[in-house]
Protein chains: 2
Amino acid sequence: MSAFPDLPEATIARLPEYLRALHNLGEGGADTISSEGLAAAAGVNSAKLRKDLSHLGSYGTRGVGYDVTLLIEQIEYVLGLDQRRAVCLVGLGNLGHALAGYDGFASRGFKIVALFDADEAKVGEQIQGLVVRHIEELGRVAVEENIAIGVIATPARAAQAVADVLVDAGVTSILNFAPCVLSVPANVDVRKVDLAIELQILSFHEHRKASLTALPGGRSAAAAGNQEAVGS
Amino acid sequence: MSAFPDLPEATIARLPEYLRALHNLGEGGADTISSEGLAAAAGVNSAKLRKDLSHLGSYGTRGVGYDVTLLIEQIEYVLGLDQRRAVCLVGLGNLGHALAGYDGFASRGFKIVALFDADEAKVGEQIQGLVVRHIEELGRVAVEENIAIGVIATPARAAQAVADVLVDAGVTSILNFAPCVLSVPANVDVRKVDLAIELQILSFHEHRKASLTALPGGRSAAAAGNQEAVGS
DNA sequence: CGCGATTTGTGCACGCCTTCACAAGCGCCT
DNA sequence: AGGCGCTTGTGAAGGCGTGCACAAATCGCG
Ligand SMILES: NC(=O)c1ccc[n+]([C@@H]2O[C@H](COP(=O)([O-])OP(=O)(O)OC[C@H]3O[C@@H](n4cnc5c(N)ncnc54)[C@H](O)[C@@H]3O)[C@@H](O)[C@H]2O)c1
Ligand SMILES: NC(=O)c1ccc[n+]([C@@H]2O[C@H](COP(=O)([O-])OP(=O)(O)OC[C@H]3O[C@@H](n4cnc5c(N)ncnc54)[C@H](O)[C@@H]3O)[C@@H](O)[C@H]2O)c1
């Protein structure tokens with residue numbers, strides 16, 4: 001096929017943001033969009049956005065902007081969203097149930113095709129039209145359904161074992177919600193989502209703000225307008 | 001008070017990881033830990049870890065390592081975890097319920113003190129010993145309970161309005177689960193958690209891997225061992 | 001008391017990312 | 001047809017983060 005563009009990691013992380021902004025703009029009836037406008041909608045600098053888009057060879061039109069529909073197609077192609085990807089979810093506790101019921105997956109080309117848990121009491125349960133299977137079936141089902149992405153929502157102590165099972169089953173991408181470090185082969189990508197870390201980072205900034213302001217007269221509501229989005 | 005160290009943002013994001021690793025090691029009975037050992041437990045480079053710790057003036061002992069208990073105290077102080085921070089949660093749908101029942105908050109010095117929703121059907125519901133209140137009460141309760149951190153788990157279309165209410169109530173840190181960009185004053189910190197973005201980044205790497213391997217002979221399980229944690 | 005083993009703290013170089021600033025290109029209007 | 005205004009694409013500079021490699025410091029032991 002065509003040579004695959006190797007984009008900077010930072011750019012890749014922003015493409016989904018651009019994509020969402022573009023979808024919103026498209027629904028709003030916009031036909032074309034300037035880098036300035038799209039950058040504002042995505043909450044980034046316009047120069048950065050132009051450089052990001054230039055990396056994937058996408059052509060806008062000078063004096064006009066980018067064609068919304070075309071740009072959506074380009075980004076979706078690069079992200080591999082043109083093909084529906086099968087996802088499995090392991091651990092149907094508190095968080096797992098919420099994830100299973102989340103419609104934000106399907107709307108972006110992802111489809112949860114299987115649910116797994118180790119608890120016999122959970123196995124057999126129906127959730128969103130899917131039946132919870134025992135983790136031992138994972139190997140077989142992963143191959144049958146051609147699952148590429150696994151989501152781990154088990155307690156931390158079980159996460160490494162689950163990751164091993166996923167890897168053995170041929171899964172090459174893992175999204176991990178358990179607060180722990182996973183050890184996987186080099187060809188497997190792991191991304192972690194950790195609430196506690198996010199809160200602790202916010203706590204640091206609270207601490208910093210509190211130590212800088214010398215008795216600011218208590219809590220005051222400042223005028224809104226600015227945009228501070230702490231980087232991912 | 002003491003001059004507040006201004007740490008690199010990248011360092012701050014890693015401190016919670018070190019903290020968790022230290023807690024695990026502490027429970028394991030370790031008294032001191034070398035930078036090498038701690039780095040392995042946290043999944044980072046040992047030089048990076050030493051530089052991070054040196055930033056906060058924390059002193060290890062050459063030839064020995066770091067005192068686990070002391071280091072925990074130091075990091076918790078810098079992150080502001082020595083004081084319990086009040087958190088409120090807005091939007092008790094699918095995800096909100098899971099978050100409300102999550103014990104990972106309390107164990108790290110955070111306490112959910114109030115739940116809010118706009119849906120009259122949800123208001124009054126009891127969750128984990130807390131009663132869901134109407135969003136209109138947020139302003140009053142936030143001041144009473146001295147809430148510094150707000151968590152948004154509403155649909156995206158409501159998120160900006162909720163953020164505005166939080167800001168007006170004096171909340172200066174926001175954790176946003178809704179897939180949208182929030183506009184807030186400069187003194188308010190926002191962090192975003194977006195599942196769809198994480199999955200799309202994984203999808204990109206799947207796409208890349210698929211386009212690079214020329215018919216790899218199907219799904220093969222590689223030997224485990226390596227650790228690839230995609231940066232946050 | 002001195003020496004070797006061990007581990008921290010950091011100077012330095014390199015690469016990535018961001019941001020500015022501007023030339024080149026495009027469309028529209030006269 | 002020509003000029004003008006707008007927008008993209010990018011060269012260059014600066015800042016930040018990473019990781020190597022090593023000097024300095026500490027402990028244990030003979
Ligand atoms: N609940 C939240 O809001 C939340 C938020 C952030 C992170 N997390 C993390 O997500 C993970 C899950 O949280 P939770 O609240 O849903 O926990 P939970 O205890 O409610 O659910 C865990 C589920 O995993 C299953 N499980 C345990 N071992 C397993 C194994 N070896 N194989 C397959 N399944 C197994 C259990 O049977 C259970 O159903 C935890 O690591 C938690 O720290 C949770
Ligand atoms: N469910 C998941 O696993 C998941 C995962 C990632 C992100 N998200 C995001 O988190 C958000 C919530 O997801 P969900 O599945 O819980 O949705 P949901 O529809 O189940 O719950 C949304 C809740 O917000 C409340 N709400 C709506 N407008 C409000 C307002 N103005 N003020 C206060 N409360 C209001 C609703 O009454 C409802 O209870 C969404 O933005 C979603 O995209 C969800």
Side-chain angles (χ1 to χ4, degrees), chain A residues 5-15 17-18 21-22 25 30-71 74-75 78 201 204 227-232, chain B residues 5-18 21-22 25 30-71 74-75 78 201 204 226-232:
Chain A
D6 64 334
L7 312 172
E9 196 63 30
T11 295
I12 299 164
R14 283 187 294 267
L15 288 181
E17 206 83 50
Y18 302 157
L22 283 167
L25 289 166
D31 213 29
T32 62
I33 180 72
S34 72
S35 66
E36 202 78 39
L38 182 53
V44 301
N45 184 299
S46 70
K48 200 189 310 195
L49 178 130
R50 286 198 299 276
K51 188 152 287 188
D52 283 342
L53 294 186
S54 76
H55 279 136
L56 48 87
S58 172
Y59 294 148
T61 310
R62 297 176 190 225
V64 178
Y66 298 91
D67 181 284
V68 173
T69 310
L70 180 67
L71 195 49
Q74 290 243 5
I75 295 179
V78 170
I201 293 173
F204 168 85
Q227 161 72 23
E228 163 152 348
V230 181
S232 89
Chain B
D6 64 334
L7 312 172
E9 196 64 30
T11 295
I12 300 164
R14 282 188 294 265
L15 289 181
E17 206 83 49
Y18 303 156
L22 283 167
L25 290 165
D31 214 28
T32 61
I33 180 72
S34 71
S35 64
E36 202 78 38
L38 183 53
V44 301
N45 183 297
S46 69
K48 200 189 311 196
L49 178 133
R50 287 197 298 277
K51 189 154 289 186
D52 283 342
L53 295 186
S54 76
H55 279 136
L56 46 89
S58 172
Y59 295 149
T61 312
R62 296 175 191 227
V64 178
Y66 298 91
D67 182 282
V68 173
T69 311
L70 180 67
L71 195 49
Q74 290 244 6
I75 294 178
V78 170
I201 294 172
F204 168 84
N226 197 334
Q227 160 72 25
E228 162 155 347
V230 180
S232 88

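What's counted below: heavy atoms across the whole structure, side chains too, no hydrogens, waters or symmetry copies. Lettering follows sequence order; numbering is per chain, from 1.
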With sequence neighbours excluded, what pairs up with B/Asp31 under the side-chain contact (heavy atoms from CB on, under 4.5 Å) test? none
Distances under 3.5 Å between nitrogen or oxygen atoms of protein and nucleotides 27-30 of chain D:
none

Partner residues of B/Ser35 under the side-chain hydrogen bond (donor to acceptor under 3.5 Å, both in side chains) criterion, sequence neighbours left out: B/Arg50
Not counting sequence neighbours, which residues clear side-chain contact (heavy atoms from CB on, under 4.5 Å) with A/Ser58? List them please. A/Leu56, A/Leu71, A/Gln74
Does A/Thr11 have any side-chain contact (heavy atoms from CB on, under 4.5 Å) partners at least two apart in sequence or in another chain, and if so, which? A/Pro8, A/Arg14, A/Leu15, A/Asp52, A/His55
List for me each residue that meets ring-ring contact (aromatic ring centres under 6.0 Å, His included) alongside B/Phe204, sequence neighbours excluded, and say none if there are none. A/Phe4
Quick one: which protein N/O atoms are closer than 3.5 Å to N/O atoms of nucleotides 28-30 of chain C? Pair and distance per line, please.
none

Restricting to nitrogen or oxygen on both sides, can you table the protein-nucleotides 11-13 of chain C pairs closer than 3.5 Å?
| from | atom 1 | to | atom 2 | distance (Å) |
| --- | --- | --- | --- | --- |
| C/dG11 | O6 | B/Lys51 | NZ | 3.1 |
| C/dC12 | N4 | B/Lys51 | NZ | 3.3 |

Can you run through DNA chain D from 5' to 3' and write each base as (, ), [, ], | or . depending on how it pairs? Watson-Crick or G-U wobble, both distances under 3.5 Å. ||||||||||||||||||||||||||||||
Any side-chain N or O of A/Asn45 under 4.0 Å from OP1/OP2 of C/dC20? yes
Sequence neighbours left out, what passes side-chain contact (heavy atoms from CB on, under 4.5 Å) with B/Ala39? Give chain and number order. B/Val44, B/Ser46, B/Leu49
DNA chain C nearest-nucleotide lookup for A/Pro8 and B/Leu53: closer to the 5′ end is B/Leu53
